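In what follows, a structure is listed as structure tokens, so that the remarks can point back to it.
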Amino acid sequence: MTQPIESPCTDFIRDIIEEGQRLGKHEGRVATRFPPEPNGYIHIGHAKSVCLNFGIARQYQGTCNLRMDDTDPLGESMEYVESIIRDIRWLGFDWENRLFYASDYFEKIYSFAVELIKKGEAYVCSLSADEIREHRGTFTQPGKESPYRNRPVEENLDLFARMRQGEFEDGAHVLRAKIDMAAPNIVMRDPIIYRIKREPHYRTGNSWVIYPMYDFAHCLSDALEGITHSICTLEFENNRPLYDWIVERLIEGPRPQQIEFARLNLSYTVLSKRRLIELVQKNYVQGWDDPRMPTVTGMRRRGFTPEAIRQFCAAIGVAKNDNLIDVSLLEHCVRDDLNDRAPRAMCVLRPLRVVIDNYPEGQLEQFECANHPQRPEMGIREIPFSRVLYIEHDDFMENPPKKYHRLGPGREVRLRNAYVIKCESMVQDEKTGEVAELHCTYDPHTRNAPPADGRKVQGVIHWVAAGQCVDAEVRLYDRLFSIEDPGSEEDFTKYLNPDSVEILTTCYAELTLKNAEPGSKYQFERLGYFCFDEKDSKAGKPVFNRIVPLRDSWAKIAKD
Ligand code: ATP
Ligand code: MG
């Protein structure tokens, strides 16, 4: 299933591009951009847009710019810029020397606004925000014209210049495009294009106290960069006539063609930046890189791979209607990629001590294990075996049902890559009565061989040798929300899954994991895929995050 990043895709956007190329539009050139506002970390929805924009540029030998749409000083920061750069690089995309900032165009955009005023197509309006809203009308009723709509050009120029000089308080005046207060599309009812905002900007500092509105800056930035296809999400469909109106008046030559697609919604998660910020700021999660977050940084820390994320984005394609994608498809892509690439290892999460009574004390054997069952080129490693071992607590049952193929009193099981053992007796905790230790015997003739007498041993369990293993912490993650569509709930934090993480602090991992590299990923046999957590691991106590369990609910859905 894993497809290389280069493989071409088809979808309605690419159809439009190819049709345009046949008609000779934009001289056959393809120039896209990914335009995030640096007011948060990017998430899987943004990754979809990144894959789409950069993927299209690659497919049609075009270019894709990275542009920070940083026109609203509130909430924007260099930290976010840096994170966006890091995350898109990690996803596998490159903008060469085309990193741009809308804030670099502020002077240019200001002069465009002045030009509109001079043409009599913009005016300074001195109504309050509430009054402007009241004047706007509704879907069924036309708006009312502002009493300031017919201010003379000279007065507008003067007021606008003084807005820039900082003479007025926030909200005292705004600059509006003079379009049509009766337009059926409310976006066209004299939209605000500049406002006063006495707020320092993370790049321009205190140079500006007026800032262009997103709608004004965005379309002009695209045009200034020579973007041919402005790909954006559906909520901007109504803004398209406004963008055309603005660019038509201010830019010569060919205009960017806007194409809208449905934003990604993912089940059991939220993808609105506002909500992700809330999760972080109110400490519902441990930060933007919390492995439960749908952010790129969170997914990276969890152990998702860029290949899997790109594969997911290719698999969901682009649609014209909003839909909710099952998160198990994303998990499936991750599993699919890791199954191929992750070396196998053994780790016991809830240890139960096992003593092999007939195994010589002090003896240590080294067993060779394949790192990957289907890929001999990934090599082998040696695993120590000794008299005292650990197995999973739930691989033993005191009163097992008939079909239980693991350990029980008098029962046999195979230790993965090692011997068949038989449970002879158990030791119970005096206070709790819980099983604290098993005493077993091993069959020395079963090392990598079936029992000589032909008896069947069906179960195979994982294990590690006591004293020859690594103390580890393992974190098991589940979905962050317990309902399918938390994004549609106003009070979405009510639906946080209280069991979204389980922390196991006394786990034993095989010795080879002592030197696990930051970010390295493994399949812990029978348990799932795990990633070494660089941030929280300590010398002698590595932390592993479970990326996904082995069970693939998507494969099951797809089969049914
Ligand atoms: P906001 O709600 O603050 O506007 P945003 O998620 O739209 O947040 P932007 O930084 O404006 O954030 O997004 C950058 C780009 O990513 C935009 O072109 C936007 O259309 C796209 N994008 C954002 N969310 C999604 C999503 N869920 N699916 C696909 N594309 C998305
Ligand atoms: Mg946006």
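Hydrogens, waters and symmetry mates play no part in the numbers below; they use all other heavy atoms, side chains included. Ligands are counted one by one from 1 in listed order, and the atoms in each one are counted from 1 as well. Just so we're clear, the structure is a prediction, and the values are computed from it rather than from any experiment.
- At least one N or O atom of R263, backbone or side chain, sits closer than 3.5 Å to an N or O atom of ligand 1.
- At a 3.5 angstrom cut-off on N or O pairs, G45 counts as close to ligand 1.
- Using a 4.0 Å cut-off between heavy atoms, S272 makes no contact with ligand 1 at all.
- Applying the side chain to side chain contact (heavy atoms under 4.5 Å, CB included) criterion to S488, with sequence neighbours excluded, gives D485.
- The atoms of ligand 1 that sit less than 4.0 Å from any heavy atom of H43 are 24 (N), 27 (N).
- Between H201 and Y211, the angle of the ring planes stays under 30°, which puts this pair in the parallel group of the 30/60° scheme.
- Put simply, the residue from D87, D289, D533 that forms a salt bridge (charged side-chain N to carboxylate O under 4.0 Å, His left out) with R300 is D87.
- Taking only non-hydrogen atoms, the option from R33, H46, E37 nearest to atom 5 (P) of ligand 1 is H46.
- In the vicinity of K273, heavy-atom distances shorter than 4.0 Å reach the ligand 1 atoms 8 (O), 9 (P), 10 (O), 12 (O).
- Between F236 and H218, the angle of the ring planes stays under 30°, which puts this pair in the parallel group of the 30/60° scheme.
- Legend: ring-ring contact (aromatic ring centres under 6.0 Å, His included) pairs involving residues 18-38, not counting sequence neighbours, sorted by first then second residue: H26-H229.
- Among the atoms of L264, some N or O lies under 3.5 angstrom from an N or O of ligand 1.
- Cation-pi contact between R203 and Y101: present, with separation from the ring centre below 6.0 Å and deviation from the ring axis of at most 45°.
- Taking any N or O of T233, backbone or side chain, at least one lies under 3.5 Å from an N or O belonging to ligand 1.
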